[in-house]
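The block underneath contains the structure these notes are about, expressed in structure tokens.
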Number of protein chains: 2
Amino acid sequence: MTTDSKRPLTLRDVSEATGVSEMTVSRVLRNRGDVSEKTRTKVLSAAKELGYVPNKIAGALASNRVNLVAVIIPSLSNMVFPEVLTGINKVLENTELQPVVGVTDYQPEKEEKVLYEMLSWRPSGVIIAGLEHTDAARAMLSSAGIPVVEIMDTDGKPVDAMVGISHRRAGREMAKAILKAGYRHIGFMGTKMPLDHRARKRFEGFTEVLAKEGVEIEDREFYSGGSALAKGREMTQAMLARSPELDFLYYSNDMIGAGGLLYLQEQGVSVPGQIGLAGFNGVELLQGLPRQLATMDACRLEIGRKAAEIIAAQLEDPEAVIEKHVTLTPTISYGDTLKRR
Amino acid sequence: MTTDSKRPLTLRDVSEATGVSEMTVSRVLRNRGDVSEKTRTKVLSAAKELGYVPNKIAGALASNRVNLVAVIIPSLSNMVFPEVLTGINKVLENTELQPVVGVTDYQPEKEEKVLYEMLSWRPSGVIIAGLEHTDAARAMLSSAGIPVVEIMDTDGKPVDAMVGISHRRAGREMAKAILKAGYRHIGFMGTKMPLDHRARKRFEGFTEVLAKEGVEIEDREFYSGGSALAKGREMTQAMLARSPELDFLYYSNDMIGAGGLLYLQEQGVSVPGQIGLAGFNGVELLQGLPRQLATMDACRLEIGRKAAEIIAAQLEDPEAVIEKHVTLTPTISYGDTLKRR
DNA sequence: ATGAAAGCGCTAACAC
DNA sequence: GTGTTAGCGCTTTCAT
């Protein structure tokens, strides 16, 4: 066992304890170069005995290599980004790379700051949510000299690579399905988030298709904060009180949609006959509700996975030819709240 | 604007661009020591112009200071730890410190590995979930020479500091409330997680109180994976088919409890008259369900906050006298599924 | 108020 | 297979 000393141990300590040079100790600890089995075991056991923990700070400075991938996301609190992280982890686990995550709370200035902080650790790559950044952030990304993958959204021009879905198209597809099912009086509910560009793009795609058919959103409501399930319930109640003629409610996420669905069931409203519903995200969590909300999968796991693969591949071989624009295609699940025609 | 060069800029580049010594540039960038207003602005504008991003690796090595706090948690996918992280963030935002999170998937060996990786970056402090670790992990923690706070649980002896609730007590309190309400035929459902020590402790406390009254758990079921809501539904159905005499169901978390609640409502079972229910965690998400599940708050936000405060205080003044054992007291909410007596 | 020198703990590059 | 030397980019310390 170790005695608790003030100063962390260094290579030198291990070197002195074994009589082996620092350099060879370093080689053993990193599995680099040829070392005789004898010294190898001697060093290894001494390092363990002493409780030596390598100093990556020094190692990174000397080797100019940092096996960190900066992952920058807007939020941890809605299940979509944790799932992306899971996908990233799955891939990076098989490499030397380690993800480090930063959270921006959907604020561009905070994103800029977080990015700056992370870049100052000289990571080997960056995965960052969205295509919209401040000019300064974009400049940092492009001059960092490392692979950058912008994820979630593909409606726009990336700094380097991008992996995601087209949210505009997602909105369009859902609008088509709704119109095809015969609904014509549509209400919309979503977050009060001018900075959630993906939600905005879905909305734009959605209204675009409606407009082509001469249909307009007849009522809308936005919320912020609080339990999404409860908000969906409240907003649905309020909207239907206000606009009883509506025959479809489009929610910008599954949680508020589920709240609406629960409310309508309690009221004995027939879904999808009297009113149809749809959300967005394909939240696994909601399986288990009495009825399944129509939704669209956002391919979160796959996005994380693919993004990590791009970073890993590019670091492995900087010359490799890699597909830098990956657009995944989400599928609609009709569930029990959207008529199928 | 910057031209995209291969090599990241160094202090020297800024120094040469301004004609100011590296040392003074460094001082300006860190707001340390006296620098004339004139050189200060000159340096600042040049740094910005060039797009200089400091190299924290080098800075950390030279100064022997790393403003990182390692946060090690079992999982990101169940909302409890993200909330702890939020609490930590709130506090650290007002300091120089930055959290870096590692995930262990409830596996001791992975925890050990993650801890080792993180310590090799020489963080200024560690916040780690749980009191149970491998011997090696415990040794690393105690010999790291930095503040360590073990969180969530206080039923045990910490390496250094601890902040949490007593899960044994939480289990006991819930058992008391259930017995007091007159229920006697109790079923239990939970995750199949031999390594979730906190769930285990709650269960132990729970059965301990029951035993004193001569009551025993009459049926139990464990699950793993999948949507918790759906699992709660399925397990509840199965258990009641098997053990129709049960008059109370205790769930190890709110999500499966909510699944059970939804199922019972559909079946027209009277809750809490015919059957009572309780979960654990106080998940805000569930507000918005037709009826509120009885539960117990795990004080997640507060735990994160307090843990971060301990780290920050200790780093600010290593001599300061700090309360190192903080036990928070969760409160029962009876909701609509547990009779009040 | 500013600069020069030394060195943080490690690894690349080159001996031997 | 092993050792030596130099230096990564910064900050500390000391000088001016």
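The structure displayed is predicted, hence computed values, not measured ones. Naming convention: chains lettered A, B, ... in sequence-line order (proteins, then strands); numbering from 1 in each chain.
Mapped onto DNA chain C by nearest heavy atom, A:T10 and B:S21 fall at different nucleotides, with B:S21 at the one closer to the 5' end. Taking the nucleotide of DNA chain C with the nearest heavy atom to each of B:M23 and B:A62, the more 5' of the two is matched to B:M23.
The distance from atom CD of A:E96 to atom P of C:dT11 is 13 Å, rounded to the nearest whole Å. Atom CG of B:D34 is separated from atom C1' of D:dT16 by 15 Å (rounded to the nearest Å). Computed from coordinates, the B:N64 CG to D:dT13 P distance equals 11 Å when rounded to whole Å. For the pair A:N67 CG and C:dT11 C1', the interatomic distance rounds to 14 Å; values are reported in whole Å. For B:I57 and D:dG9, the CD1 to C1' distance is 10 Å, given to the nearest whole Å. Between the CG atom of A:N55 and the P atom of C:dC8 there is a distance of 12 Å, rounded to whole Å. Counting to the nearest Å, the C1' atom of D:dT11 and the CG atom of B:L29 are 13 Å from each other. Atom CD in A:E22 sits roughly 16 Å away from atom P in D:dT2 (whole-Å rounding).
Of the candidate nucleotides C:dA4, D:dC8, D:dG3, D:dC8 has the atom lying nearest to any side-chain atom of A:L61. Of the listed nucleotides (D:dT2, C:dG9, D:dG9), C:dG9 has the atom at the smallest distance from the side chain of A:A58.
Considering only side-chain N and O atoms, A:S63 lies nowhere under 4.0 angstrom from the phosphate OP1 or OP2 of C:dT11. Phosphate contact (OP1/OP2 of C:dA1, side-chain N/O of B:S36, threshold under 4.0 Å): absent. Listed pair A:T24 / D:dG3 meets the phosphate criterion, a side-chain N or O lying under 4.0 Å from OP1 or OP2. Between A:Y52 and the phosphate of C:dC10, there is a side-chain N or O to OP1/OP2 separation shorter than 4.0 Å. Side-chain nitrogen and oxygen atoms of B:R30 include at least one within less than 4.0 Å of the OP1 or OP2 phosphate oxygen of D:dT12. In terms of phosphate contacts, A:S26 brings a side-chain nitrogen or oxygen within less than 4.0 Å of OP1 or OP2 of C:dT11. The phosphate of D:dT12 (OP1 or OP2) has a side-chain N or O of B:R65 nearer than 4.0 angstrom.
The only option from A:M79, A:E83, A:R305 that meets the side chain to side chain contact (heavy atoms under 4.5 Å, CB included) definition with A:R300 turns out to be A:E83.
A donor N or O paired with an acceptor N or O is found under 3.5 Å between the base of D:dG3 and the side-chain atoms of A:R27.
A salt bridge is defined here as a Lys NZ or Arg NE, NH1 or NH2 lying under 4.0 Å from an Asp or Glu carboxylate O, and A:E93 with B:K110 meets this definition. Here B:E16 pairs with B:R12 in a salt bridge; the nearest charged N to carboxylate O distance falls below 4.0 Å.
In this structure, the side chain of A:D105 does not engage the main chain of A:Q107 through any donor-acceptor pair within 3.5 Å.
A donor-acceptor contact under 3.5 angstrom links the side chains of B:R30 and B:S26, judged on distance only.
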